[in-house]
Amino acid sequence: MSTVSERSPRDDDHCPPWKRPAVRNVLIVALLAELAYALLNISAMPVYLANDRGFPAGAIGMIIGAFLLTEALLKGPMGSLADRVGRKRLIVIGPIITIFTSIASLYVPRDWDYETVAFLTLRAMDGVGVAMLWPAAFALIGESVKESQKQEAMSLLNMCYLGGIALALFVGGVVDDVFGSVTAARIDSYHAPSLYLSAVLCSFVAAFAYFKLPSGRGMREAARQERAVSGRAAFKFTDIFATAKRIPGFLILGAVTFMGIGFPIAIVKLFAQDQLELSGTKFGILVMPALIAMAALSPVMSRYGERLGRQRAVHIGLFLCSLGMSAIAAGAFVPQLRSVLVVALGTVPVALGFILAVPAWYAAVSEIDRKRRAANIGAVMTAQGLGAIVGSQFGSQAYERLQDVELFGMHLDSAFGRYSPFIGCAICIIIGWLLSLRLLRKGPQPDARSVE
């Protein structure tokens, strides 16, 4: 049973979002959950599979792709389920799954015939946990504030997402560098500390969510009464297709843009290690200040986005992302641009564009249909996840196969192959920006069917 009421006395209309206990508790859950998931699947898993297990980049892309695929396919159904059974239950169960998968990843037998299958299965289970958590968290935080504060509240959730990744890349590098030699001697795994820490964090998240988030009894009762009147089941897979028909434009834009994000997602730490020659700790030190700055600027940029309007905020944000990513991708063709400094400078417009566009994007999605808020968010996240999966597979294969090869009579050196995922990323984000100009027109959009 929850120890807090559905609405705190401090949750008045004039209270800033971050001061509301209901919002603050969701933010704590989001920050620590993203820290755990990023620690496991972004910071630790690619290098663990490559260095401790000897997997090639292509296989690593498949394994990370299993995580992304399951997450993508289930976010829509889990969003619909959260609308019916309440947000809290799914937010608690999701991290519990990853407690098991983090530990189990260390004890898969080496050189086992089914070693790859085992890792595919474990990462797919992680995807189930993430799919349970995020649509419910976005819907819950959207319900905790008034309309004029919705975009700012979404930006705070986005801030926790970025902060979790920033901390994961830094903390993961530090704990592995400090304790990795100990675990390497005992269980032959240098990156085991990150996996243990992920399990500990997920344990805390599940407990905190259980005791601090609202129970959602009112929502469950209303959903039961609605089903009793309509005769509908708690969830039907046809709900996914019905949602897709309502918001096709949003789904297309999300899929294309996140395909770009997917290109470097499985290889970014390998790129830092192979091309930039950075250790785990140095990579974390480089990335953490940038992501923390993004997190700190996120509320400010969201308020600026409110003044611009949600559509223009998405347009400008994606344009900035395309500029920055194009600068990074240029290193594939210009050797003089292959440096840590150029990569760092290129991430500046990417970061600013991201924190401007994403809160405006999710705020717009959350207001398409308030009765189906989590379902719509889940459907958009599903489209984004499917796009990211396609991108991650192309990106990891390009990273491995386009090093030191002849293509159309040209010799592609190893650096070209390592930069190639960023080329794909830049192209997709540019296409996404052009689509946003066509699909997201200035003015109110009360009916998503008009965005086609």
Side-chain angles (χ1 to χ4, degrees), residues 25-26 28-46 48-49 62-108 114-140 160-161 164-165 168 172 191-213 216 234-235 265 374 377-378 381-382 384-386 388-389:
N25 289 338
V26 178
I28 292 171
V29 167
L31 174 64
L32 296 180
E34 185 56 34
L35 171 57
Y37 287 122
L39 192 65
L40 177 62
N41 290 297
I42 296 178
S43 176
M45 194 52 56
Y48 170 70
L49 293 173
M62 289 178 57
I63 291 169
I64 300 300
F67 165 72
L68 297 172
L69 177 62
T70 310
E71 175 188 0
L73 293 178
L74 291 183
K75 272 183 174 174
M78 292 302 172
S80 295
L81 191 61
D83 283 334
R84 291 172 168 82
V85 304
R87 322 308 191 192
K88 176 179 175 177
R89 289 183 176 180
L90 300 188
I91 292 174
V92 171
I93 294 172
I96 291 176
I97 295 174
T98 302
I99 297 172
F100 164 75
T101 62
S102 299
I103 303 301
S105 296
L106 293 169
Y107 295 97
V108 173
Y114 300 101
E115 184 180 10
T116 301
V117 174
F119 278 105
L120 287 168
T121 303
L122 290 171
R123 300 290 70 78
M125 293 174 65
D126 282 337
V128 175
V130 175
M132 287 182 170
L133 187 142
W134 280 110
F138 269 99
L140 183 57
C160 292
Y161 173 81
I165 295 176
H191 301 284
S194 288
L195 277 65
Y196 283 128
L197 182 56
S198 177
V200 171
L201 287 168
C202 284
S203 301
F204 179 84
V205 168
F208 184 89
Y210 180 81
F211 288 108
K212 291 294 185 179
L213 296 187
F235 170 74
I265 197 170
I377 291 173
M381 287 182 169
T382 292
Q384 293 171 172
L386 290 173
I389 291 162

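The NZ atom of Lys88 sits 10.0 Å away from atom CD1 of Ile91, with the distance rounded to the nearest 0.5 Å. Residue Met78 holds its CE atom at 6.5 Å from CG of Leu90, rounded to the nearest 0.5 Å. Atom CG of Leu32 is separated from atom SG of Cys160 by 8.5 Å, given to the nearest 0.5 angstrom. Separating the CE atom in Met132 from the CG atom in Leu81 is a distance of 7.5 Å, to the nearest 0.5 Å. One distance of note links OG1 of Thr121 with OH of Tyr114; it measures 12.0 Å at 0.5 Å rounding. For the atom pair CG (Leu39) and CD (Glu34), the distance works out to 10.5 Å, reported to the nearest 0.5 Å.
Here the options are Leu122, Leu40, Val128, the test is side chain to side chain contact (heavy atoms under 4.5 Å, CB included), and the partner is Thr98; only Leu40 passes.
Between Val130 and Asn41, every side-chain heavy-atom pair lies at or beyond the 4.5 Å cut-off. Residues Tyr37 and Pro95 have side chains in contact (heavy-atom distance under 4.5 Å, counting atoms from C-beta outward). You'll find the side chain of Leu197 reaches within 4.5 Å of the side chain of Leu201, heavy atoms only.
In this structure, Tyr48 contributes its side chain and Ser105 its backbone to a donor-acceptor pair below 3.5 Å.
Nearest heavy-atom pair, Met62 versus Leu120, reported as atom, atom and distance to 0.1 Å: O-CD2, 3.6 Å. Val92 and Tyr210 make their closest contact through CG2-N, 3.6 Å (heavy atoms, listed as atom of the first residue, atom of the second, distance). Between Ala66 and Thr70 the shortest heavy-atom distance is O-OG1, 2.9 Å. Minimum heavy-atom separation, Pro135 to Lys75: CG-O, 3.7 Å. In this structure, Asn25 and Lys212 approach most closely via the heavy-atom pair ND2-O, 3.4 Å. Across every non-hydrogen atom of Ser102 and Leu195, the tightest pair is CB-O, 3.4 Å.
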Verdict with reasoning, Ile64 to Ile389, per side chain to side chain contact (heavy atoms under 4.5 Å, CB included): CA-CA 8 Å; Ile64 300 300; Ile389 291 162; over 6 Å; no
Audit row: Ile28, Val205, side chain to side chain contact (heavy atoms under 4.5 Å, CB included) steps and yes/no: CA-CA 8 Å; Ile28 292 171; Val205 168; over 6 Å; no
